[in-house]
Asker: 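So that we are looking at the same thing, I have put the structure below in structure tokens.
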Amino acid sequence: MDTISFATITELQEKLAQKKISHEELVDYFLRRIDIFEPRIDSLLETFDKKSVLPKSAPTGSLAGIPGVIKDNICMEGRVASCASRMLEHFVAPTDATAIKRLKSQGALLLGRANMDEFAMGSTTESSVYKKTKNPWDVTRIPGGSSGGSAAAVSAGLVPWALGSDTGGSVRQPAALCGIVGIKPTYGLISRYGLISYASSLDQIGVLTRSVKDNALILSAIAGQDAKDSSSLPIEQKKYAQHLDGVLPTGIKIGVLDLSIEGQGVDPEIASAVENAIKVLENLGGTIKRIALPTFDYSAAAYFILSRAEAASNLARFDGVRYGMRNKKATTLTQMYRSTRHDGFGDEVRSRIIVGNYVLSSGHSGEFYENAKKVQRLMRCEITDTFKNVDVIIMPTHSTPAFKLGTYDASKLQIDLQDYFTCPVNITGVPAISVPCGITKNNLPIGFQIIGPHLSEELLYKVAYAFEHITPWHTMRPPAF
Ligand code: GLN
């Protein structure tokens, strides 16, 4: 295998520093790789031409010359940000998202727009109206979602890193299904300015990479307070990759869910890979404590209600008047609203808007929305209490490996319920990282999640790196790439 396709960011930085390759050649290299391999996986909605990617003068900063791709719900000035929807097919972002601005100021090079579920609603990337992304490990299977394009591109070695967004698991779940690392940081750590909203109180930009250290390098560039997002936390920018030494913090207590594995429908191969990961951490000196999180049983239902309610409010802005698609054939205003929203949104988005308006409606909000908020409160108390006794919590990221394309339509509810392990993290606002921890007999990747208290990203990276350091999973590649 060549030394560039799957190189880490640090390795690429060394090559650039030693002048073994220039940033222009690196861009050429990855654009060529995209030309060759992208048709097999359909991970990108657009690849930018080389001229428009290269900065006018040599890039400088902590990510100088390092190429990546961006989920199509994050705004890049002068580029389309379509959210994989007809509604925003021709919407050109007037400004950079704060995360993009920071990446550019650190010299990162942005090669394209990654495919996603429409408006980030889904777990398979099949609700994109443009194309269905395939899992590089088996192109008959889904890459996960909703950041499936970002995950597939990184997994196939088309770029070393990608940004995604995670409202209920959309970075961690595709990371797990594609065999890479994905972090959903603490709510408020990364500015949401320029991230097109799905459910604002749960949305966070996340990072997808093939290694823990790469992940920490990208997060370091984009995290930190932003005056343009009042929900961003007053946190200084940190260097998350600085203290990664492979050593587990002494005395660390690791909470492990007593998985009634059958109950959650966890695939036996996933359960055993996660149990093995726990043993690895125990051998490294971690103290394992079995814990119970009973409110988790209500999290998928609460997530279902809260996310739809917020989606209905957020997506009300797409009315054909201010921006996005407008049905020009309509002769009255009401007709224009109706037909624009009918034709502009796909089935999944329309159904979420309808459910969202229903759970917020005056006759039903007490029963649905307000109860879901109460569940959220209980979950927050439970997780805060749990972190008084343990430092991190370990659990599977997803209960099954990647499934076949086309399964979602047939078993929507079952697949929505599989947000079980990921959405509690969004509901409680804490950070979590998914790390590769195994391969199934069918050669499909498995990932596990490390969850920590608010703003524990440094600790999560330390634990994840200690695990990665002595296990082979992050070095495994999809065979056809
Ligand atoms: N699977 C979840 C959903 O469909 C996750 C979405 C997300 O995190 N953006 O809502």
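These numbers come from a predicted model, not from an experiment. Atoms within a ligand are numbered from 1 in the order they appear, just like the ligands themselves.
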Asker: Got a sec: does the NZ of K101 have more than 12 other heavy atoms crowding it under 6.0 Å?
Answerer: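 Atom NZ in K101 is not packed in, count stays at 12 or less.
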
Asker: Note down each nitrogen or oxygen pair, ligand 1 side and protein side, whose separation is under 3.5 Å; give only atom names and the distance to 0.1 Å.
Answerer:
{"residue": "ligand 1", "atom": "1 (N)", "partner": "G122", "partner atom": "O", "Å": "3.3"}
{"residue": "ligand 1", "atom": "1 (N)", "partner": "S123", "partner atom": "OG", "Å": "2.7"}
{"residue": "ligand 1", "atom": "1 (N)", "partner": "D419", "partner atom": "OD1", "Å": "3.1"}
{"residue": "ligand 1", "atom": "1 (N)", "partner": "D419", "partner atom": "OD2", "Å": "3.3"}
{"residue": "ligand 1", "atom": "4 (O)", "partner": "G122", "partner atom": "N", "Å": "3.0"}
{"residue": "ligand 1", "atom": "4 (O)", "partner": "G122", "partner atom": "O", "Å": "3.3"}
{"residue": "ligand 1", "atom": "4 (O)", "partner": "R352", "partner atom": "NH1", "Å": "3.4"}
{"residue": "ligand 1", "atom": "4 (O)", "partner": "R352", "partner atom": "NH2", "Å": "2.8"}
{"residue": "ligand 1", "atom": "8 (O)", "partner": "T167", "partner atom": "N", "Å": "2.8"}
{"residue": "ligand 1", "atom": "8 (O)", "partner": "G168", "partner atom": "N", "Å": "2.6"}
{"residue": "ligand 1", "atom": "8 (O)", "partner": "G169", "partner atom": "N", "Å": "3.2"}
{"residue": "ligand 1", "atom": "8 (O)", "partner": "S170", "partner atom": "N", "Å": "3.0"}
{"residue": "ligand 1", "atom": "8 (O)", "partner": "S170", "partner atom": "OG", "Å": "2.6"}
{"residue": "ligand 1", "atom": "9 (N)", "partner": "A120", "partner atom": "O", "Å": "2.8"}
{"residue": "ligand 1", "atom": "9 (N)", "partner": "S146", "partner atom": "OG", "Å": "3.4"}
{"residue": "ligand 1", "atom": "9 (N)", "partner": "S170", "partner atom": "OG", "Å": "2.7"}
{"residue": "ligand 1", "atom": "10 (O)", "partner": "Y198", "partner atom": "OH", "Å": "3.1"}
{"residue": "ligand 1", "atom": "10 (O)", "partner": "Y303", "partner atom": "OH", "Å": "2.6"}
{"residue": "ligand 1", "atom": "10 (O)", "partner": "R352", "partner atom": "NH1", "Å": "2.8"}

Asker: Going by the rule salt bridge (Lys or Arg N to Asp or Glu O under 4.0 Å), which residues pair with R308 if we only count those two or more places apart in sequence or in a different chain?
Answerer: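 Listed in chain order: D416.
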
Asker: Quick one, P174 and S150 - any side-chain contact, counting heavy atoms below 4.5 Å?
Answerer: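 Result no, sub-4.5 Å side-chain heavy-atom pair not found.
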
Asker: Describe, in one word, how the ring planes of F37 and F481 are oriented to each other, choosing from parallel (under 30°), tilted (30 to 60°) and perpendicular (over 60°).
Answerer: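 Ring orientation, 0 to 90° scale: tilted.
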
Asker: Under the ring pair (Phe, Tyr, Trp, His ring centres under 6.0 Å) test, which residues partner F91, sequence neighbours left out?
Answerer: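 Scan of F91 (ring pair (Phe, Tyr, Trp, His ring centres under 6.0 Å), adjacent residues dropped) gives Y323.
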
Asker: Output all residues satisfying ring pair (Phe, Tyr, Trp, His ring centres under 6.0 Å) with Y303, sequence neighbours left out; order by chain, then residue number.
Answerer: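 Checked Y303 against ring pair (Phe, Tyr, Trp, His ring centres under 6.0 Å); zero matches.
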
